[in-house]
Amino acid sequence: MTLRSSHTAAALVLLAASAAPQLAQAQRTRGKIEDAEIEIVKERVNQLPEATRNYEKVQIAPPTKTAKPLQYTFPDFRLPSDNLNPSVRVLTIKQEELAPLLGNYVKAGLGNYGTVYGKAYLHNTRDNAASYGVNLSHISSAKGPVDGKNSGVAQSSLGLHGETYSGPMTLGARLDLGRERYNFYGYAPREPRPDADTLKQVFNRAAAKVYLRNRAAGAQFQYDLSAGFRYWKDNFAARESDFQLGLQSKYYLTEKTRVAINGEASFISHKDSVSVSRPFVQVTPALEVDFDRLDVSIGATLGYTGDTIGTAKQFNVYPAVRLGYTVAEDRFVVYGGLGGGLQRTTMYDLTTENPWLGPNQRVADTHRGPTVFFGFSATPVRALELNAKVTLANDQNLYFYNNSRRDSTRFDLVYDRKTTQFMNVHGEALYNAAERFRLGVKADYNAYKTKTLAEAFHRPTFQGTFFGSYNFMDKLLVGAELYTLSSSYGAVTRFVPDTSVPPTTSGTYVQTVRPTDSVVDLNLRADYRFSDNLSIFAMGNNLLGRKYERFLLYPVKGVNVLAGVTYQF
C-alpha cells in the first residue's frame with residue numbers, strides 16, 4: 001500500500017499510538033499477533049456540532065473628564081479635553097517598563113540638575129484569595145532653571161493597597177501619602193538673590209479609600225460602592241478635609257434592559273483665613289436598552305453644590321441622554337447625546353495642576369451644561385484604533401489661572417462672571433502591533449468664549465502628543481514622544497508712576513496681559529534588560545532645550561537626562 005498524502009501518514013501514526021498498549025500487553029502474555037488488513041479512508045470528515053457563540057455588546061461611552069494632570073507615557077497617554085497640564089515636572093516621561101518577569105522591583109537613578117530618583121514596588125505573589133502591596137517613590141532636583149536651588153523641586157509618595165476576594169465579591173482598601181516641595185521662583189532677576197526658604201511651598205497629602213464591588217458578568221445586580229477621605233495642607237496653613245462617597249450600579253431587568261444609578265458625594269471643610277464648608281451631591285439615574293444595532297440610555301443628572309460664587313444655581317438638573325449606533329460590528333460605532341453636570345473642584349486637585357497658587361483662594365465647582373456631544377469610534381483594520389469627539393457646552397464657574405495682582409509670582413483662581421461658551425474637538429489614533437510596536441497621536445482643540453475676562457487665562461487652544469515605542473524581543477524597549485501646547489495668556493503687574501505730581505513715588509499698579517510660550521517638548525527613553533533580574537534605563541527630556549513658560553514667569557528646565565538601574569525579584 002502506498003501513502004500519497006499527509007492525511008494518510010497522520011492516520012498511521014494515530015493507529016500506531018492506539019495499538020501500542022495492546023502490543024505491550026500481548027508481549028507480556030506471550031500471545032501471538034494476528035495478521036490484519038487495515039483500510040484507511042481519507043474522505044471521512046469529522047463534524048462537530050455548531051458552538052454556541054455569545055457576544056456581549058460593547059458599550060462605548062464618551063470620554064469623561066479626569067482631574068489628573070497630563071502625564072507623559074507612550075501607549076497610555078491621557079489628554080483630557082478640558083484639563084490643564086502643569087509644566088512642573090522633574091521627569092516628563094512616565095516609566096513604561098519591559099514586560100515584568102517577576103512581581104517586585106526596585107529602581108534607582110541619577111541625573112543632571114542634581115536629580116535623584118528611587119522607586120520600589122513590593123507585592124504578594126499571585127493569590128486567588130487576596131492581593132496586597134506597597135509602592136514607594138521619590139524624585140527630586142536640587143537645582144532648577146532659575147537661580148539654582150531657588151527653583152528646586154521634590155516629590156515623595158507612599159502607597160498601600162489590598163484586596164480580598166470571595167466569589168464575585170471584592171473588598172479592597174488603599175492609602176496614599178505624599179509630600180511635595182516647590183519654590184515660587186517666578187520673580188524678576190535681582191541681587192541679592194532671595195533665600196530659597198522664603199520662596200518655599202510644601203504640600204502634604206493623604207488619601208484613604210475602601211470599596212466593595214461585584215462586577216461579575218452574570219450578576220443581575222452589579223455595583224461598586226466606595227467611601228474615602230482626603231486631606232491636604234500647604235505651607236500657608238491652609239487645610240482641606242474631604243469626605244467622599246461613590247456609587248456605580250446596574251440592575252438588569254432583562255438581558256438587554258437595565259437600570260443604572262451612578263452617584264457621588266463630597267463634603268469639604270476648607271480652612272484658610274476663613275473657614276468654608278462645601279457640600280456636593282450628584283446622582284444620575286438612567287434606563288439603558290440595547291437593540292440590534294442601537295444602544296439607548298435615557299436619564300437625568302441631579303446635582304447640588306454649596307458654593308455661592310457668581311450667579312450659578314446651587315441645585316441643577318441636566319439631561320443624560322446617549323445614543324450609540326453600530327454601523328459595523330466591532331468596526332465602526334457612532335454616538336451622540338445631551339449631557340451636563342457638576343464637576344467637583346478641590347485644592348487637592350488644583351495644586352497638582354498648578355503648585356504656585358497663592359493663599360486664600362475661592363474655590364467653586366464647575367457647572368457644565370447643557371452639553372451636546374457626538375463622535376465615533378472605529379477599528380478600520382487590525383491593530384488600528386480611531387476615535388473622534390466634538391463637545392459643545394456652556395460653563396459656569398469654570399476656573400482659570402491668572403497671575404495675582406498682589407504678587408505676580410503667585411496665581412489666583414479667576415472666573416467669568418457670566419457663562420463661558422466652550423467647544424472641544426478631540427481626535428486620537430493608535431496603532432498597536434502585537435504589543436511590540438506602538439505609534440499614536442492625540443490632539444485637542446479647545447475654544448473658550450469668555451464674557452468678562454480679557455482672555456481664557458492659562459488654558460491653551462491646542463494640545464497634543466505624538467508618541468511611539470518599540471519592544472525588541474523583551475530585551476530592549478525604546479520610545480519617543482513629542483508633546484505640544486499652544487500659547488495661552490497670563491498677566492504681569494507693573495507700577496506706573498504719576499509724573500504729574502512730583503516726586504514720582506505715587507502712582508498705580510497696572511496689570512498687563514501677556515502671551516505665554518508655545519510648548520514643543522521632545523523626549524526619548526530606552527530600557528535594556530541584561531537578565532531576568534537586572535535592567536538599566538535612560539531617558540532624556542526636553543531635548544530641544546526650550547526653556548518655555550507653560551505658566552507665565554515660570555520657565556521649565558532645559559535638557560535634562562536621567563539614567564539608572566532596575567532590579568526585579
What I want to check is whether the side chains of [X] and [Y] have a donor and an acceptor closer together than 3.5 Å.
X	Y	answer
Arg181	Asn183	yes
Tyr187	Asp147	yes
Arg344	Thr305	no
Trp356	Thr409	no
Asp242	Ser266	yes
Thr516	Ser488	yes
Tyr318	Gln282	no
Lys449	Thr420	no
Arg239	Tyr231	yes
Asn560	Asn112	no
Ser273	Asn360	yes
Tyr445	Gln463	no
Ser241	Ser269	no
Arg230	Thr346	yes
Asn135	Lys119	yes
Asn397	Thr366	no

Is it true that Phe411 and Phe551 have ring centroids separated by less than 6.0 Å? yes
Could you check whether Tyr554 and Tyr185 have their ring centres less than 6.0 Å apart?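 Ring centroids of Tyr185 and Tyr554 are less than 6.0 Å from each other.
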Between [Y] and [X], is there a side-chain heavy-atom distance shorter than 4.5 Å?
X	Y	result
Met539	Tyr117	no
Arg525	Asp527	yes
Asp444	Val425	no
Lys547	Asp517	no
Tyr548	Asn542	yes
Leu357	Met347	yes
Val283	Ile261	yes

To the nearest 0.5 Å, what is the distance between [atom1] ([X]) and [atom2] ([Y])?
X	Y	atom1	atom2	value
Ser157	Leu136	OG	CG	7.5 Å
Ser226	Glu264	OG	CD	9.5 Å
His367	Thr311	NE2	OG1	9.0 Å
Arg459	Leu485	CZ	CG	12.5 Å
Phe457	Asn402	CZ	CG	4.0 Å
Asp307	Arg278	CG	CZ	4.0 Å

Steps toward side-chain contact (heavy atoms from CB on, under 4.5 Å) verdict (Lys557, Ser141): CA-CA 10 Å; Lys557 291 184 294 187; Ser141 291; 3.1 Å; yes
Determine, for Arg406 against Asp412, whether the closest basic-nitrogen to carboxylate-oxygen distance falls under 4.0 angstrom. yes
Under-4.0 Å salt bridge between Asp521 and Arg546: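 Salt bridge flag = no for Arg546 with Asp521.
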Minimum heavy-atom separation for Tyr113 and Gly144, please, with both atom names.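 Answer, listing the atom of Tyr113 first, then Gly144: CE2-O, 3.7 Å.
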Given Glu240, which partner from the list Ile268, Asp272, Asp234 fulfils the side-chain contact (heavy atoms from CB on, under 4.5 Å) test? Ile268
Matching residue for Thr450 among Leu398, Val414, Asp416, Asp395 - test: side-chain contact (heavy atoms from CB on, under 4.5 Å): Asp416
Taking the cut-offs as 6.0 angstrom to the six-membered ring centre and 45 degrees off its axis, would you call Lys107 and Phe537 a cation-pi pair?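 Judged by the rule, Lys107 and Phe537 form a cation-pi pair.
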